[in-house]
Amino acid sequence: MRAAILRVPGPVGGRPLEIGEVAKPVCGPGEVLLSVRACGVCRTDLHITEGELPPHRSPVVLGHQIVGDVVDGATALLPLGARAGVSWIAGTDGSCTYCRRGMENLCDAPSFTGYDVDGGYAQFAVTRADFTYPLPERLDDEQVAPLLCAGIIGFRALRVAGVEHGERVGLYGFGSSASLMIDVLHAWNCDVYVATRGASHQKLARSRGALWVGDATEKPPVRLDRAVTFAPSGEVVIAALSALRKGGVVAINAIHLDGMPAFDYDSLLWGERQIRSVANMTRKDATDFLKLAEEIDLRPKVTRFALADVNEALLAVKNDAIDGAAVIIP
């Protein structure tokens, strides 16, 4: 099969992903084989490609927002020919303290799709059946793909931030995940304030109904109840913290952060304000979000790329050159 293979991490401008032929995978017990229809591009893929996240496997096929048809290993929940989806967490051990407490996103021995096991920048992918999800029928392949990480992890970030219906919520950064969450927040009757760099992202936020749009670290005109930061920048986290009311929460939705600047406790954190990190997601997050996405008819804006253009897709994500999500069609 054809696949995009990462052998050695490097700057995405140097085209580190190679398009080549590899053996078609074979599924084992408890696994399903998917014929890949689409795979969303995530900023985490960029961190892996450029080595900001240390290599776990080499070579590796990236991609963890997989939409495909079950062609082998069918189960009652995933019959032959069913359209199914795969996300970032490829599996957990099920036996550690966190898994036993229902906190599988914090598992001590997880595996990750497109990082520890081969992912979906390919024509076929093998996945654990119990970490593979039936997908809503009303969304087409390229629209459902970004929901499988950007959507699910954004949804978990809203949960971690403790967002309640009718609150004032700040979104810091307006890439794929934030552009999905604004629709969820509107469904919850929240007022949304967006701080983001780039004229195109600011324009998109206005078109999606943000009540206020400013630059990346600009302060909104009101105190926020909650804020979620999507940019991998500590400076942005401090900007979000400075906009909170007393008792408010900032959730950092980033797997990698460039560093956290020193800040004044008395003026920024005192008053029971909180900073929380968002780590992975649970299967319940996935099923709850996919159900909600179908209920509110969530349809992300996407830009399609051929498998041969996967390096260009990653470069577009790095440079914030597209609005919404990038999706690979193998």
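Worth saying up front: this structure is predicted, and the values here are computed from it rather than measured.
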Quiz item: Do Val61 and Leu46 sit in the same hydrophobic cluster, where Ile, Leu, Val, Met, Phe, Trp and Tyr count as joined when their side-chain heavy atoms come under 4.5 Å apart?
Solution: yes

Self-check item: Taking every non-hydrogen atom, the tightest pair across Val36 and Gly120
Solution: CG1-O, 3.7 Å

Quiz item: About how many Å separate OG1 of Thr49 and CZ of Arg43, when rounded to the nearest 0.5 Å?
Solution: 12.0 Å

Quiz prompt | Donor-acceptor contact below 3.5 Å, side chain Gln123 vs main chain Ala3 | solution = no

Quiz item: Hey, which of Asp45, Leu148, Val327 is the one that makes side chain to side chain contact (heavy atoms under 4.5 Å, CB included) with Gln65?
Solution: Leu148

Quiz prompt | Closest contact, heavy atoms only, Arg245 versus Arg226 | solution = NH2-NH2, 3.8 Å

Quiz item: Is there a donor-acceptor contact under 3.5 Å from the side chain of Arg273 to the main chain of Gly247?
Solution: no

Self-check item: Arg57/Asp116 under salt bridge (charged side-chain N to carboxylate O under 4.0 Å, His left out): CA gap, chis, key distance, verdict
Solution: CA-CA 6 Å; Arg57 175 179 177 172; Asp116 297 298; over 6 Å; no

Exercise. Quick one: closest heavy-atom pair of Val70 and Ala84, and the distance?
Key: CG2-CB, 4.3 Å

Exercise. Any chance you could lay out the salt bridge (charged side-chain N to carboxylate O under 4.0 Å, His left out) test for Arg83 and Asp141, step after step, and finish with the verdict?
Key: CA-CA 9 Å; Arg83 192 176 68 149; Asp141 299 334; 2.9 Å; yes

Quiz item: Which residues satisfy the salt bridge (Lys or Arg N to Asp or Glu O under 4.0 Å) test with Arg206, sequence neighbours excluded?
Solution: none

Quiz item: Do the side chains of Val8 and Ser58 get nearer than 4.5 Å, heavy atoms only?
Solution: no

Self-check item: Interatomic distance, Leu307 atom CG to Ile329 atom CD1 [nearest 0.5 angstrom]
Solution: 10.5 Å

Quiz item: Taking the six-membered ring for Trp, are His56 and Tyr115 parallel (under 30°), tilted (30 to 60°) or perpendicular (over 60°)?
Solution: parallel

Quiz item: Can you check whether Leu78 reaches Pro134 side chain to side chain, under 4.5 Å on heavy atoms?
Solution: yes

Quiz item: Honestly curious: do Tyr172 and Ile238 fall in one hydrophobic cluster under the side-chain, below-4.5 Å linking rule?
Solution: yes

Quiz item: For Trp88, which of Asn280, Asn105, Thr44, Thr113 qualifies under side-chain hydrogen bond (donor to acceptor under 3.5 Å, both in side chains)?
Solution: Asn280

Quiz prompt | Gap separating the CD1 atom of Ile48 from the SG atom of Cys42, nearest 0.5 angstrom | solution = 8.5 Å

Quiz prompt | Rounded distance (nearest 0.5 Å) linking atom OG of Ser177 with atom CD1 of Ile153 | solution = 7.5 Å

Practice problem: Determine yes or no for a side-chain-to-main-chain donor-acceptor pair under 3.5 angstrom, with Arg2 supplying the side chain and Glu21 the backbone. | Solution: no

Quiz item: Backbone N or O of His165 within a donor-acceptor pair of the Asn189 side chain at under 3.5 Å?
Solution: no

Quiz prompt | For the student: nearest non-hydrogen atoms of Ile66 and Gly119, plus distance | solution = CD1-C, 3.9 Å

Exercise. Could you tell me whether Asp288 and Arg156 make a salt bridge, using a distance below 4.0 angstrom between a side-chain N and a carboxylate O?
Key: no

Quiz item: Do Lys24 and Leu33 have side-chain heavy atoms sitting under 4.5 Å apart?
Solution: yes

Quiz item: Looking at side-chain heavy atoms only, is the closest gap between Arg276 and Val278 below 4.5 Å?
Solution: no

Quiz item: Do any N or O atoms from the side chain of Thr196 and from the backbone of Phe174 form a donor-acceptor pair under 3.5 angstrom?
Solution: yes

Quiz prompt | Euclidean distance, Leu241 CG relative to Leu224 CG, rounded to 0.5 Å | solution = 11.0 Å

Self-check item: Short side-chain to backbone donor-acceptor contact, Ser35 and Gly68, under 3.5 Å
Solution: no

Self-check item: Check: Phe131 main-chain N/O paired with Arg283 side-chain donor or acceptor under 3.5 Å
Solution: no

Quiz item: Can you tell if the side chain of Asp320 reaches within under 4.5 Å of the side chain of Ser200, non-hydrogen atoms only?
Solution: no

Quiz item: Which heavy-atom pair separates Ala251 from Ala161 by the least distance, and what is that distance?
Solution: CB-CB, 3.9 Å

Quiz item: Yes or no on salt bridge (charged side-chain N to carboxylate O under 4.0 Å, His left out) for Arg304 and Asp309, after CA distance, side-chain angles and deciding distance?
Solution: CA-CA 10 Å; Arg304 295 166 56 122; Asp309 297 324; over 6 Å; no

Quiz item: How many angstroms lie between atom CZ of Arg100 and atom SG of Cys107, to the nearest 0.5 angstrom?
Solution: 11.0 Å

Quiz item: Taking C-beta and beyond as the side chain, do Ile296 and Trp188 meet within less than 4.5 Å on heavy atoms?
Solution: no

Exercise. Give a yes or no on whether Met281 and Val86 share a hydrophobic cluster (residues Ile, Leu, Val, Met, Phe, Trp, Tyr; joining criterion: side-chain heavy atoms under 4.5 Å apart).
Key: no

Quiz item: Does the side chain of Leu314 reach to within under 4.5 Å of the side chain of Lys318, using non-hydrogen atoms?
Solution: no

Quiz prompt | Short side-chain to backbone donor-acceptor contact, Asp285 and Ile152, under 3.5 Å | solution = no

Exercise. Using distance alone, with no hydrogens and no angle criterion, decide if Arg299 and Gln143 have a side-chain donor and acceptor under 3.5 Å apart.
Key: yes

Quiz prompt | Check: Asn253 side chain, Phe230 main-chain N or O, donor-acceptor pair, under 3.5 Å | solution = no

Quiz prompt | Nearest atoms (heavy-atom pairs only) where Val32 meets Gly73 | solution = CG1-O, 3.1 Å

Quiz prompt | Check: Val12 main-chain N/O paired with Glu50 side-chain donor or acceptor under 3.5 Å | solution = yes

